[in-house]
Amino acid sequence: MGMINDAHKSLIEEVGLCYVATASNDGQPNVSPKGSIVVLDDDHLAFADIMSPGSRANLEENKRVAIYVCRPEKFQGFQFKGTVELSKEGPVYDRLAADIEKKGLKLPPIQNAVKVKIAEIRGLGE
């Protein structure tokens, strides 16, 4: 059984927004909002890298990431930690592009699909 359960999936689908925290190898932090977060399976999340040069530079150096999804008005949220794989094509890239198109968003092309292998999940206040 994977790490991502139904409560995590439900919140991600309902909220549709996350905050991605990255750091360079020398510790330079960056946080970026992402409206493209999706659950790929019970162990992987993904989001689109669009117009995020700071996050992209950090992820190219340091594959570790933290993703926070929350519903602040209800004090509910989860932090997902893991490692990323960047890709400029393939099934994850295609899915993210299709999701963005389905939402009717007029955005620049996706620079990278970011697939995250989840290693740890913490709930709000844990």
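- Scored by the side-chain contact (heavy atoms from CB on, under 4.5 Å) test, E101 finds no partners at all (sequence neighbours excluded).
- Between P33 and L17, some side-chain heavy-atom pair lies under the 4.5 Å cut-off.
- The two atoms that bring L96 and A113 nearest to each other are CD1-CB, 3.7 Å, heavy atoms only.
- Considering only heavy atoms from C-beta on, V39 stays 4.5 Å or farther from H8 through its side chain.
- Minimum interatomic distance between D43 and G2 (heavy atoms only, all atoms of both residues): OD1-CA, 3.4 Å.
- Of all the heavy atoms in P29 and N58, the pair that sits closest is C-ND2, 4.1 Å.
- Closest heavy-atom contact between A48 and I100: CB-CD1, 3.9 Å.
- Between the side chain of D49 and the backbone N or O of Q111, no donor-acceptor pair lies under 3.5 Å.
- In this structure, I37 and G16 approach most closely via the heavy-atom pair CG2-C, 3.9 Å.
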Criterion side chain to side chain contact (heavy atoms under 4.5 Å, CB included) on I121 and I4, from CA distance to verdict: CA-CA 8 Å; I121 301 173; I4 303 170; 4.2 Å; yes

List the atom pairs, with distances to 0.1 Å, where a side-chain N or O of residues 75-82 and a protein N or O form a donor-acceptor pair under 3.5 Å, not counting sequence neighbours.
| unit_1 | atom_1 | unit_2 | atom_2 | d |
| --- | --- | --- | --- | --- |
| Q76 | OE1 | R71 | NH1 | 2.6 |

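- In Y19, the OH atom is not crowded: 12 or fewer heavy atoms of neighbouring residues, nucleotides or ligands sit closer than 6.0 Å.
- The side chain to side chain donor-acceptor pair (under 3.5 Å) check on N30 picks up S55, with sequence neighbours excluded.
- A donor-acceptor distance shorter than 3.5 angstrom exists from the side chain of S24 to the backbone of Q28, with no hydrogens or angles considered.
- S52 contributes a side-chain N or O that, together with a main-chain N or O of I50, makes up a donor-acceptor pair within less than 3.5 Å.
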K115 vs L40, side chain to side chain contact (heavy atoms under 4.5 Å, CB included): CA-CA, chis, key distance, verdict: CA-CA 8 Å; K115 181 178 178 180; L40 295 177; 3.8 Å; yes

Residues I118, L45; criterion side chain to side chain contact (heavy atoms under 4.5 Å, CB included); working and verdict: CA-CA 7 Å; I118 302 302; L45 300 176; 3.9 Å; yes

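- Taking N25 as the reference, nothing meets the side chain to side chain donor-acceptor pair (under 3.5 Å) condition, with sequence neighbours excluded.
- Evaluation of the side chain to side chain donor-acceptor pair (under 3.5 Å) test over residues 82-95, restricted to residues two or more places apart or in two chains, returns K88-N112.
- Listed for the K103 side chain is no donor-acceptor partner under 3.5 Å among the backbone atoms of D99.
- Residue pairs meeting the ring pair (Phe, Tyr, Trp, His ring centres under 6.0 Å) criterion with at least one member in residues 41-60: none, sequence neighbours excluded.
- Between L11 and V69, the shortest heavy-atom distance links the atoms CD2-O, 3.7 Å.
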